[in-house]
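Encoded as structure tokens, the structure appears first; notes follow it.
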Amino acid sequence: MKFLLDFFPIALFFVVYKTMGLYMAIYAMIGATFLQMMIARYRTGKFENIHLVTFGLLVILGGVTLTLRDPVFLMWKVSVLYVVFAFSLVLSMWIGKKTLLQRMLGKELELPENVWHQLSWLWGLGFTGIAVVNAYYVNLALNAREALFTATELDSKIELTELDCVNTTMEQLCIIAQQTEESWVNFKLFGTMGLTFILIVVMIIFIKKYIKEDKK
């Protein structure tokens with residue numbers, strides 16, 4: 001349930017992008033993230049730091065994107081967010097008595113301290129990997145976007161989803177720009193969710209033996 005709640009804003013962003021374009025999708029994701037934060041507050045009695053950081057970055061970078069009508073800020077938000085997560089997880093091994101993961105999952109799992117450290121490295125490196133893959137898709141999308149608007153007289157603030165590429169002077173550049181932006185949106189949902197799910201599976205396999213030992 002929590003896994004689905006965490007990805008609800010991204011899923012809504014994906015749906016709205018496909019039907020109404022990028023900028024409306026940003027408004028939808030900001031609203032969904034705020035709702036997510038309130039639901040978590042209602043269920044646990046407190047705000048979760050991960051939600052506060054996510055919402056803060058989204059409002060700032062999403063707001064700049066909407067103001068300037070330039071998707072670069074929102075696109076890089078994914079990498080920035082996952083790097084922040086990775087840095088926080090790894091740094092927590094040397095700050096405080098417990099790692100960040102142990103504080104989050106310690107009530108459900110009893111694991112040796114060295115295992116919590118290993119899991120912190122696992123998630124830290126995994127999140128860094130997600131940030132790097134996102135950067136790859138962002139570079140493709142932004143380079144294609146720049147090539148299109150440099151070669152034509154189109155307004156760079158226009159929604160790519162609104163363009164009829166057949167009627168543009170650079171049809172192939174237009175198609176590539178649309179496809180690469182859509183590829184980034186697809187990665188934002190399916191890529192981040194899929195890679196996160198893989199990390200969860202790896203973690204479960206890794207700690208399985210320790211759970212069995214506790215039951216004995």
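- In terms of heavy atoms, Gly124 sits closest to Ala86 at O-CB, 3.2 Å.
- Side chains of Thr192 and Tyr82 form a contact here, defined as non-hydrogen atoms less than 4.5 Å apart.
- Here the closest heavy-atom approach between residue Leu148 and residue Ala177 is recorded as CD2-CB, 3.9 Å.
- No continuous path of ILVMFWY side-chain contacts below 4.5 Å connects Leu101 to Trp94, so the two sit in separate hydrophobic clusters.
- Between Phe127 and Phe87, the ring center distance fails the sub-6.0 Å criterion.
- Taking CG of Leu195 as the start and CG of Asn134 as the end, the distance is 10.5 Å to the nearest 0.5 Å.
- Between the side chain of Arg145 and the backbone N or O of Ser156, at least one donor-acceptor pair lies under 3.5 Å.
- Counting heavy atoms from C-beta outward, Met37 and Thr33 have side chains that stay 4.5 Å or more apart.
- The distance from the CE atom of Met20 to the CD atom of Glu162 is 10.5 Å, given to the nearest 0.5 Å.
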- Task: Please assess Phe190 against Phe14 for the test side-chain contact (heavy atoms from CB on, under 4.5 Å), listing each intermediate value before the final yes or no.
- Result: CA-CA 10 Å; Phe190 301 109; Phe14 175 84; 3.7 Å; yes

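- Separating the OG atom in Ser92 from the NZ atom in Lys97 is a distance of 15.5 Å, to the nearest 0.5 Å.
- Proximity of Thr180 to Tyr137: side-chain heavy atoms (C-beta onward) are nowhere separated by under 4.5 Å.
- A distance of 6.5 Å separates CG of Leu154 from OG1 of Thr169, quoted to the nearest 0.5 Å.
- When the shell of 6.0 Å around OH of Tyr136 is examined, it contains 12 or fewer heavy atoms from other residues, nucleotides or ligands.
- Side-chain contact between Phe206 and Val115: present, with at least one pair of heavy atoms (C-beta onward) separated by less than 4.5 Å.
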- Task: Could you go through the side-chain contact (heavy atoms from CB on, under 4.5 Å) check for Ile130 and Phe187 one step at a time?
- Result: CA-CA 10 Å; Ile130 293 175; Phe187 170 76; 4.3 Å; yes

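- Hydrophobic clustering of Ile, Leu, Val, Met, Phe, Trp and Tyr side chains at less than 4.5 Å, counting indirect connections, keeps Val132 apart from Leu81.
- Remark: of the listed residues Leu66, Asp70, Thr65, Asp70 is the sole one forming a side chain to side chain contact (heavy atoms under 4.5 Å, CB included) with Leu68.
- Looking only at distances, a side-chain donor or acceptor of Thr99 sits under 3.5 Å from a matching main-chain atom of Gln102.
- Using a 4.5 Å cut-off on side-chain heavy atoms (C-beta onward), Leu74 and Leu22 make contact.
- The closest side-chain heavy-atom distance from Trp184 to Leu140 is not below 4.5 Å.
- Counting non-hydrogen atoms of other residues, nucleotides and ligands closer than 6.0 Å to CZ of Phe34 gives a total of 12 or fewer.
- Checking Glu159 against Tyr17 by side-chain atom types alone, no donor-acceptor pair falls below 3.5 Å.
- A donor-acceptor pair under 3.5 Å links the side-chain atoms of Arg103 to the main chain of Lys98, judged by distance alone.
- Here Met203 contributes atom CE and Leu122 contributes atom CG; the two are 8.0 Å apart, rounded to the nearest 0.5 Å.
- Looking at every heavy atom in both residues, Ala32 comes nearest to Leu12 through CB-CD2, 3.7 Å.
- Cluster annotation: Phe149 and Ile175 are assigned to distinct hydrophobic clusters (Ile/Leu/Val/Met/Phe/Trp/Tyr, side-chain heavy-atom contacts under 4.5 Å, transitive).
- Thr168 places a side-chain N or O within 3.5 Å of a backbone atom of Cys165 that can act as its donor or acceptor partner.
- Ion pair Glu182/Lys18 flagged as a salt bridge, since at least one NZ, NE, NH1 or NH2 atom sits closer than 4.0 Å to an Asp/Glu carboxylate oxygen.
- Put simply, the side chain of Glu181 never gets that close to the backbone of Leu142: no donor and acceptor are under 3.5 Å apart.
- No more than 12 heavy atoms of other residues, nucleotides or ligands lie within 6.0 Å of CG in Asn49, so this atom counts as exposed by the packing criterion.
- A 4.5 Å side-chain heavy-atom check between Val64 and Thr67 finds every atom pair outside the cut-off.
- In terms of modelled atom types and a separation under 3.5 Å, the side chain of Ser79 and the main chain of Trp76 share no donor-acceptor contact.
- Considering all non-hydrogen atoms of both residues, Ile10 and Leu189 come closest at CG2-CA, 3.6 Å.
- Two residues are said to be in side-chain contact when any heavy atoms from C-beta on lie closer than 4.5 Å; Thr152 and Leu173 fail this criterion.
- Here the shortest heavy-atom pairing between Ser120 and Leu89 reads CB-O, 3.8 Å.
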- Kindly indicate, with the supporting measurements, whether the criterion side-chain contact (heavy atoms from CB on, under 4.5 Å) is fulfilled by Phe7 and Gln36. CA-CA 9 Å; Phe7 281 94; Gln36 173 197 53; over 6 Å; no

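- Under the 6.0 Å distance and 45° angle rule, Lys188 counts as a cation-pi partner of Phe13.
- Residue Met38 places its CE atom among more than 12 non-hydrogen atoms of other residues, nucleotides or ligands, all under 6.0 Å distant.
- Note on Leu125 and Phe85: separate hydrophobic clusters, where clusters join Ile, Leu, Val, Met, Phe, Trp and Tyr whose side-chain heavy atoms are under 4.5 Å apart, directly or indirectly.
- Rounded to the nearest 0.5 Å, atoms CG (Leu35) and CD1 (Ile39) are 4.0 Å apart.
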- Task: Starting from the C-alpha separation in whole Å, work towards a yes-or-no answer on side-chain contact (heavy atoms from CB on, under 4.5 Å) for Val83 and Thr128.
- Result: CA-CA 6 Å; Val83 167; Thr128 300; 5.7 Å; no

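- Pairing each heavy atom of Leu109 with each of Trp116, the nearest pair is O-CZ2, 3.7 Å.
- Side-chain heavy atoms closer than 4.5 Å link hydrophobic residues (I, L, V, M, F, W, Y) into clusters, and following such links, even through other members, never connects Met104 to Met93.
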